[in-house]
K.L.:
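A single structure is presented below for examination.
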Amino acid sequence: MEKSAFKLVFLVPYYNHPEKIAKLVQNLSNFGEILIVDDGSDEAAKSALKGLKAQIFTRSKNGGKGAAVKDGFKKAIGMGYTHAFQIDADFQHDISKCEEFLKIAREFPNCLICANPIYDENAPKGRLYGRKITNFWCSINSLSNEIKDAMCGFRIYPLKQICEILPQIKADRMGFDIEILVLAYRAGVNLKWLDLKVSYEKGGVSHFLPFRDNLLISLTHARLFLNLPFWAIKRAFRG
């Protein structure tokens with residue numbers, strides 16, 4: 001891809017997070033255009049989107065973060081964008097780093113630019129341990145140590161490469177960030193990593209449901225593991 005063809009949109013999956021969305025959009029608008037995918041939010045959350053300096057795409061019902069991002073990818077590439085900068089709507093991420101991420105993405109337009117999260121002291125211990133387990137399984141399912149963190153929703157995706165593997169991605173909820181990263185790596189997409197501060201507010205809104213989402217994440221790891229031998233054999237013959 002020629003660097004001159006680089007055209008990026010910020011992609012924000014949104015579900016009942018009205019508290020900070022206006023502030024997030026205001027800050028992101030300093031860097032570029034914004035596409036919000038409303039994943040079937042309630043009326044109060046939808047009202048918070050009115051008048052924002054962003055393009056709004058509304059899903060008829062809630063399908064999960066992964067479903068929203070996948071629809072956002074399709075919408076973005078159809079609108080002529082070459083890259084999507086995924087950022088979560090809860091504003092936990094240090095968006096002052098956007099400029100650095102954008103610089104790397106322009107320099108390496110065919111790479112997937114990923115955040116390596118640095119958590120503050122308010123991060124729930126259970127979530128941190130869960131991430132360590134997930135990252136362990138990602139090292140197995142990628143046969144590498146290239147995946148530093150598989151769950152941070154702060155990434156710049158090259159849309160052409162990502163849309164080629166999109167039909168393979170089954171996860172629609174919290175397993176999405178994991179599955180797309182492992183499958184992108186297996187497809188030969190190079191990963192670039194930058195450290196990013198992540199803040200957890202006490203009493204902040206989270207849509208993570210421990211039993212359901214941990215089960216779905218486990219199923220994602222299992223699915224990737226079952227397909228691992230087939231990918232490993234293909235890679236061996238290609239090598």
Side-chain angles (χ1 to χ4, degrees), residues 6-39 41 45 48-49 52-59 63-77 79 81-106 109 111-120 123 127 131 148-159 162 172-174 176-178 180-181 184 191-201 204-208:
F6 187 91
K7 185 180 180 182
L8 177 140
V9 66
F10 287 95
L11 173 57
V12 182
Y14 177 83
Y15 176 64
N16 292 348
H17 262 114
E19 297 83 5
K20 296 184 178 180
I21 190 64
K23 184 179 178 182
L24 177 64
V25 168
Q26 181 181 8
N27 281 268
L28 291 181
S29 64
N30 295 322
F31 300 103
E33 298 173 316
I34 304 162
L35 171 62
I36 297 174
V37 179
D38 174 20
D39 188 29
S41 296
L49 300 178
L52 295 183
K53 189 179 178 181
Q55 303 170 79
I56 312 295
F57 174 71
T58 302
R59 304 186 79 250
K65 176 184 178 181
V69 175
K70 285 187 276 189
D71 278 357
F73 286 156
K74 296 171 187 175
K75 188 77 173 175
I77 202 166
M79 297 167 69
Y81 293 104
T82 60
H83 291 74
F85 196 152
Q86 177 193 339
I87 293 182
D88 291 345
D90 54 16
F91 212 165
Q92 289 181 340
H93 301 134
D94 178 11
I95 65 168
S96 68
K97 298 282 284 186
C98 284
E99 195 66 56
E100 187 176 350
F101 274 71
L102 290 168
K103 179 181 177 182
I104 298 298
R106 290 189 183 99
C111 294
L112 204 168
I113 316 302
C114 310
N116 180 33
I118 309 299
Y119 295 99
D120 65 12
R127 298 287 290 273
R131 283 174 181 270
K148 295 183 180 182
D149 183 274
M151 297 188 71
C152 185
F154 194 96
R155 300 172 182 166
I156 300 180
Y157 291 94
L159 287 173
I162 290 304
D172 281 337
R173 295 191 180 273
M174 294 299 182
F176 167 80
D177 287 328
I178 298 165
I180 194 169
L181 203 56
L191 311 179
K192 299 284 184 184
W193 295 89
L194 295 172
D195 289 345
L196 179 77
K197 291 181 181 179
V198 179
S199 301
Y200 275 87
E201 281 190 2
V205 176
S206 173
H207 298 302
F208 187 90

K.L.:
Can you tell me how far apart CG (Leu181) and NZ (Lys148) are? Round to the nearest 0.5 Å.
P.N.:
12.5 Å

K.L.:
Between His83 and Pro109 (side chain of the first, backbone of the second, donor and acceptor by atom type, cut-off under 3.5 Å), is there such a pair?
P.N.:
yes

K.L.:
Is there a side-chain contact (heavy atoms from CB on, under 4.5 Å) between Leu112 and Ile162? Walk through the geometry before answering.
P.N.:
CA-CA 9 Å; Leu112 204 168; Ile162 290 304; 4.1 Å; yes

K.L.:
In the structure I gave you, are the side-chain heavy atoms of Lys197 and Ser96 within less than 4.5 Å of one another anywhere?
P.N.:
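In short, these two side chains do not touch, never coming nearer than 4.5 Å.
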
K.L.:
Looking at Phe6, Phe10, Phe31, which hits ring pair (Phe, Tyr, Trp, His ring centres under 6.0 Å) with Phe85?
P.N.:
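Per the ring pair (Phe, Tyr, Trp, His ring centres under 6.0 Å) rule, the option paired with Phe85 is Phe10, out of Phe6, Phe10, Phe31.
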
K.L.:
Just how far is it from atom OG of Ser199 to atom CD1 of Ile118, taken to the nearest 0.5 Å?
P.N.:
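So the gap between those two atoms works out to 12.0 Å.
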
K.L.:
With sequence neighbours left out, what residues match Glu33 under side-chain hydrogen bond (donor to acceptor under 3.5 Å, both in side chains)?
P.N.:
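If we apply the side-chain hydrogen bond (donor to acceptor under 3.5 Å, both in side chains) test to Glu33, skipping adjacent residues, the hits are Tyr81.
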
K.L.:
Can you list everything that forms a salt bridge (Lys or Arg N to Asp or Glu O under 4.0 Å) with Lys97? Sequence neighbours excluded, please.
P.N.:
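Lys97: salt bridge (Lys or Arg N to Asp or Glu O under 4.0 Å) contacts with Glu100.
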
K.L.:
Within the side chain of Asp88, is there an N or O that forms a donor-acceptor pair under 3.5 Å with the backbone of Asp90?
P.N.:
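No, Asp88 side chain to Asp90 backbone: no donor-acceptor pair under 3.5 Å.
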
K.L.:
Determine, step by step, whether Asp149 and Cys114 satisfy the side-chain contact (heavy atoms from CB on, under 4.5 Å) criterion, reporting the C-alpha distance in whole Å, the side-chain angles of both residues, the deciding distance to 0.1 Å, and the verdict.
P.N.:
CA-CA 8 Å; Asp149 183 274; Cys114 310; over 6 Å; no

K.L.:
Side-chain contact, heavy-atom cut-off 4.5 Å: Cys152 with Asp177?
P.N.:
no

K.L.:
Please name all residues satisfying salt bridge (Lys or Arg N to Asp or Glu O under 4.0 Å) with Arg59, sequence neighbours left out, ordered by chain then number.
P.N.:
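Arg59 satisfies salt bridge (Lys or Arg N to Asp or Glu O under 4.0 Å) with Asp39, Asp71 once adjacent residues are dropped.
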
K.L.:
Among residues at least two apart in sequence or on other chains, which ones pass side-chain contact (heavy atoms from CB on, under 4.5 Å) with Ala84?
P.N.:
Leu11, Phe73, Leu159

K.L.:
Taking all heavy atoms of Tyr14 and all of Ala48, pick out the closest pair and write down the distance.
P.N.:
OH-CB, 3.8 Å

K.L.:
Go through the steps to decide whether Val69 and Ile180 satisfy the test side-chain contact (heavy atoms from CB on, under 4.5 Å), and finish with yes or no.
P.N.:
CA-CA 11 Å; Val69 175; Ile180 194 169; 6.0 Å; no

K.L.:
If I compare all heavy atoms of Ala89 with all of Pro13, which pair ends up nearest, and what's the gap?
P.N.:
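Distance-wise, the nearest heavy atoms are CB-O, 3.6 Å.
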
K.L.:
Taking C-beta and beyond as the side chain, do Ile21 and Ile36 meet within less than 4.5 Å on heavy atoms?
P.N.:
yes

K.L.:
Among all residues two or more places apart in sequence or in another chain, which pass the side-chain hydrogen bond (donor to acceptor under 3.5 Å, both in side chains) test with Asp38?
P.N.:
Ser41, Lys46

K.L.:
What's the separation between atom CD1 in Ile113 and atom CH2 in Trp193, rounded to the nearest 0.5 Å?
P.N.:
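Answer rounded to 0.5 Å: 10.5 Å.
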
K.L.:
If you look at every heavy atom in Gly72 and Leu35, which pair is closest and at what distance?
P.N.:
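Taking Gly72 first and Leu35 second, the nearest heavy atoms are O-CD2, 3.9 Å.
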
K.L.:
Going by heavy atoms in the side chains, are Arg106 and Leu8 under 4.5 Å from each other?
P.N.:
no

K.L.:
Does the side chain of Phe176 reach to within under 4.5 Å of the side chain of Lys70, using non-hydrogen atoms?
P.N.:
yes

K.L.:
Just verifying a value: how many Å separate Lys75 NZ and Gln55 CD, rounded to the nearest 0.5 Å?
P.N.:
8.5 Å

K.L.:
Rounded to the nearest 0.5 Å, what separates atom CD1 in Ile95 from atom CG in Asn30?
P.N.:
8.0 Å

K.L.:
Among all residues two or more places apart in sequence or in another chain, which pass the side-chain hydrogen bond (donor to acceptor under 3.5 Å, both in side chains) test with Asn116?
P.N.:
Asp195

K.L.:
For Cys98 and Ile87, work out which heavy atoms get closest and say how close.
P.N.:
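For Cys98 versus Ile87, the nearest heavy atoms are SG-CD1, 4.1 Å.
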
K.L.:
Taking the six-membered ring for Trp, is the centroid-to-centroid distance between Phe101 and Phe154 below 6.0 Å?
P.N.:
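Yes - the distance between ring centres of Phe101 and Phe154 falls below the 6.0 Å cut-off.
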
K.L.:
Using 0.5 Å steps for rounding, measure from the CD1 atom of Ile156 to the OG1 atom of Thr82.
P.N.:
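Answer for the CD1-OG1 pair, Ile156 versus Thr82, is 10.0 Å.
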
K.L.:
Taking the side chain as C-beta and beyond, is there a heavy-atom pair between Lys53 and Leu28 under 4.5 Å?
P.N.:
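Sidechains of Leu28 and Lys53: no contact.
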
K.L.:
In this structure, are over 12 heavy atoms from other groups packed under 6.0 Å from Lys7 atom NZ?
P.N.:
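Correct, the count exceeds 12.
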
K.L.:
How far apart are the C-alpha atoms of His17 and Leu24, what are their side-chain angles, what is the distance that settles it, and do they pass the side-chain contact (heavy atoms from CB on, under 4.5 Å) test?
P.N.:
CA-CA 11 Å; His17 262 114; Leu24 177 64; over 6 Å; no

